[in-house]
4 protein chains.
Amino acid sequence: MTELSIDINCDLGEGFGAWRIADDEALLDVVTSANVACGFHAGDPRTMHRVCRHAVERGVRIGAHVGYRDLAGFGRRYIDIAPADLESDVLYQLGALDAMARSAGGEVSYIKPHGALYDAVSRHEGQAAAVVDAVCLFEPGLPVLGRPGSVFLNLAEQAGLPTVAEAFADRAYRADGGLVSRREPGATLSDPDAVARQSVRLVLDNEVKAADGAVVRVEAGSLCVHSDTPGALELARVVRSALTDAGVTLRSFS
Amino acid sequence: MTELSIDINCDLGEGFGAWRIADDEALLDVVTSANVACGFHAGDPRTMHRVCRHAVERGVRIGAHVGYRDLAGFGRRYIDIAPADLESDVLYQLGALDAMARSAGGEVSYIKPHGALYDAVSRHEGQAAAVVDAVCLFEPGLPVLGRPGSVFLNLAEQAGLPTVAEAFADRAYRADGGLVSRREPGATLSDPDAVARQSVRLVLDNEVKAADGAVVRVEAGSLCVHSDTPGALELARVVRSALTDAGVTLRSFS
Amino acid sequence: MTELSIDINCDLGEGFGAWRIADDEALLDVVTSANVACGFHAGDPRTMHRVCRHAVERGVRIGAHVGYRDLAGFGRRYIDIAPADLESDVLYQLGALDAMARSAGGEVSYIKPHGALYDAVSRHEGQAAAVVDAVCLFEPGLPVLGRPGSVFLNLAEQAGLPTVAEAFADRAYRADGGLVSRREPGATLSDPDAVARQSVRLVLDNEVKAADGAVVRVEAGSLCVHSDTPGALELARVVRSALTDAGVTLRSFS
Amino acid sequence: MTELSIDINCDLGEGFGAWRIADDEALLDVVTSANVACGFHAGDPRTMHRVCRHAVERGVRIGAHVGYRDLAGFGRRYIDIAPADLESDVLYQLGALDAMARSAGGEVSYIKPHGALYDAVSRHEGQAAAVVDAVCLFEPGLPVLGRPGSVFLNLAEQAGLPTVAEAFADRAYRADGGLVSRREPGATLSDPDAVARQSVRLVLDNEVKAADGAVVRVEAGSLCVHSDTPGALELARVVRSALTDAGVTLRSFS
């Protein structure tokens with residue numbers, strides 16, 4: 001009998017100076033992988049340092065949540081940055097976070113682009129290649145976490161990087177396996193039971209029920225829960241409980 | 001017969017985006033240690049990346065020129081930052097530059113605070129200790145470069161870090177071994193012959209003629225030349241030639 | 001029989017992009033003067049714009065809450081900026097907020113420095129004069145709000161600007177009329193009854209009971225309530241109710 | 001006999017803190033309209049203040065050269081900012097510059113978007129409308145300067161704003177009246193004689209010889225000269241002399 005396990009990842013350390021977004025410490029008790037903001041869209045150095053210490057204490061993996069340089073837009077606005085500049089920006093963020101992680105007894109274990117960069121590298125060849133190149137320069141064996149079927153994961157795989165596709169516990173899916181756009185109603189699930197059901201089905205059966213009722217196959221090595229919505233912490237706990245109750249072991253992918 | 005050698009250090013990579021300060025590449029042909037800006041007072045990631053590549057190509061050592069977070073003030077304004085915040089800010093900058101240096105085949109070989117931070121850690125116990133703590137977290141054997149007799153070098157020594165005191169090729173000295181303040185006339189030497197003479201005397205005799213004529217003992221492991229003044233490149237070349245002509249080998253301290 | 005009135009001022013608009021600090025709209029129902037962040041320590045343009053619209057709708061006066069350029073430090077760290085630079089920075093912030101206020105049908109009605117700048121101009125001649133000079137350049141009749149007895153208010157008065165001294169509803173006073181430092185225990189009052197009592201006594205009797213029991217005379221044209229502490233909104237409402245119940249009319253000073 | 005006159009505009013004040021791009025003062029002796037950076041892509045407040053003073057002294061008109069918030073990219077990278085955010089960002093910049101201009105005895109006399117924003121509003125309805133809306137909020141009669149035939153100028157005209165189309169002294173034109181892309185060879189003219197000839201023909205005959213030899217009609221109320229290229233100052237002087245020699249009066253459009 002094989003043990004079934006899954007990783008839960010979440011965006012953390014997204015405050016800046018006096019500002020806070022999420023209850024980082026409480027969420028670190030729930031997830032197994034922490035996508036830590038690296039200072040460009042959020043994440044002042046002291047916050048990064050603290051999140052890394054708390055993550056290491058709990059055995060949570062540290063991932064570099066790299067973003068566009070855009071504090072005012074929280075990294076949620078596409079920027080038409082030249083790939084050569086983006087490569088350097090990503091390498092800079094990777095190194096900065098790694099110093100924080102190492103000083104806390106950990107290390108950067110994976111990378112996951114944030115916000116508009118996450119969306120851009122799903123289809124923008126030049127920017128996706130720039131992020132992949134930065135990872136290869138930093139650490140040629142570093143896993144990348146991203147959207148299944150994205151240009152980013154494809155290029156990372158071609159470059160020999162380990163890739164991990166993620167699924168979303170609280171997002172509605174389309175019949176083609178994509179996500180319902182946030183501009184449409186019903187894009188996010190807020191009912192805890194529905195989120196729990198979707199999470200368990202994703203992990204046990206590798207499938208999800210799309211918004212139109214179709215059943216879609218989704219293979220994922222990690223389950224993403226959100227941190228920046230009201231009730232995010234409660235929903236993350238629901239996902240963890242439901243998975244544990246279903247006999248799934250929660251464990252980082254890396 | 002022992003060979004006499006000295007290191008020449010210089011601030012480089014101090015542009016930001018479209019802006020430039022110095023002719024980085026030409027100066028890299030002159031110096032043996034490059035104090036590379038790390039993004040807080042200057043130094044966008046691509047510039048950092050490029051300077052690191054060029055430094056490695058020439059065998060020039062890369063130092064982390066860490067500063068206050070103050071692009072508008074070029075790091076030249078004292079900021080009363082809490083030591084715990086400063087420690088994280090310095091660690092962040094060290095990690096970011098190290099990723100750049102390593103991807104270019106080098107590494108961060110030393111640290112030298114910039115501008116107002118350099119001045120602050122000369123006497124401010126809390127901030128000096130914060131920088132030392134950051135270095136110890138990053139790499140407990142990393143050499144620190146600074147002002148002889150400063151609180152910073154003293155604390156670094158107590159922490160077991162290798163310390164290197166620097167002298168200034170083109171600054172006027174006071175009889176007590178300190179520098180003539182930039183607010184006073186004659187603070188900087190612009191006559192190439194005077195700069196050359198002072199440089200050679202500093203290295204050969206470990207002494208300097210102060211502004212009032214007194215001869216002052218100065219022990220230094222590195223000679224600082226400036227990059228941000230008109231004629232800086234020419235003056236740096238004069239220093240290098242004068243030392244070479246005097247039989248001194250130019251070699252990094254580390 | 002003369003009517004007794006007082007102004008209540010509060011820091012608002014201190015979010016930045018995705019980040020929020022206070023419940024701006026609810027507080028605008030309580031105060032009569034809004035110190036609106038101008039983008040340097042907090043306050044993105046859209047937030048500024050929104051707060052100005054809401055303030056104008058409620059008849060709340062708009063003040064320029066100018067600060068050091070320091071998002072990472074929330075303007076709470078002293079910066080040794082040259083007075084000529086500070087003058088321009090303050091003028092810039094005044095103009096930016098004024099465009100927001102005017103487009104909402106209002107205007108900038110006063111200025112109050114924020115955080116570390118507020119503290120600095122209490123005693124730093126050069127920086128205080130720079131802020132006063134900026135105000136005179138912007139609008140020679142603009143009232144300034146600040147700490148009674150501060151260098152800032154004195155210089156403003158000498159420059160012919162209307163000055164308004166403020167008292168604090170929820171801060172403990174020393175026998176000399178100064179505030180108990182935030183580093184000491186009991187610096188802030190959190191008991192609603194105590195805050196209400198202090199507020200009413202300040203307005204009705206122009207006096208306050210200091211931490212050591214002494215009764216201190218305090219003449220103030222405005223009462224400051226905080227927005228950035230837990231329970232700030234509730235405390236502000238308590239102050240407003242207590243004053244209204246005591247027959248005091250709440251009205252802007254300007 | 002009617003007098004023929006033209007305006008010459010140029011980007012100025014594009015330094016930031018210690019960094020400089022152009023020789024602002026020398027260029028202010030050549031042009032009649034100064035596009036002054038407002039702090040988002042370049043332009044620290046003290047530089048803005050100084051450029052405004054020098055412009056007023058010389059009778060040069062001050063225009064708001066508004067840009068994306070992107071110091072690292074010098075405003076040259078498209079940002080997919082929400083129109084409502086862009087509107088506030090532009091209004092903020094307009095107000096900030098106006099305070100500088102007024103304190104110097106002038107005022108903001110027109111607006112011209114910078115860099116990637118200039119390009120975006122040529123065709124992006126949402127962003128163009130946002131800039132127009134900001135101008136209407138700020139000052140409903142403020143002239144806008146931009147590319148002939150752009151969405152921006154069309155929307156501005158519909159909104160009742162005075163519009164001024166500009167031509168380029170040193171850019172190669174296509175047969176359809178557009179500019180040869182900077183990615184193609186020959187996009188910019190560097191030969192002073194060619195620049196002088198194109199400038200005079202643009203003003204006297206309202207036409208230009210395109211790269212393929214076709215003669216294209218171009219109606220322009222202002223001639224743009226560059227400030228950020230080597231030899232920019234010299235070229236600007238050549239344009240001014242050639243126009244003056246041809247009997248053209250140099251005068252601001254507004």
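These values consider heavy atoms only, across backbone and side chains, with no hydrogens, waters or symmetry-generated copies.
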(request) Identify the residues of residues 77-101 of chain B whose heavy atoms come closer than 4.5 Å to a heavy atom of chain A, ordered by number, or report 'none'. (result) B:A84, B:D85, B:E87, B:S88, B:D89, B:L91, B:Y92, B:G95, B:A96, B:A99, B:M100

(request) Go through the atoms of B:C38 and report whether side chain, backbone, both or neither lie under 4.5 Å from a heavy atom of chain A. (result) backbone

(message) If the contact rule is any heavy atom under 4.5 Å from chain B, which residues of residues 8-35 of chain A qualify, in numerical order?
(response) A:F16

(request) Select all residues of residues 145-167 of chain A having any heavy atom within less than 4.5 Å of some heavy atom of chain B, and report them by number, or 'none'. (result) none

(request) Determine which residues belonging to residues 45-67 of chain B lie within contact range of chain A, meaning some heavy atom pair is under 4.5 Å apart, and list them by number or answer 'none'. (result) B:P45, B:R46, B:M48, B:H49

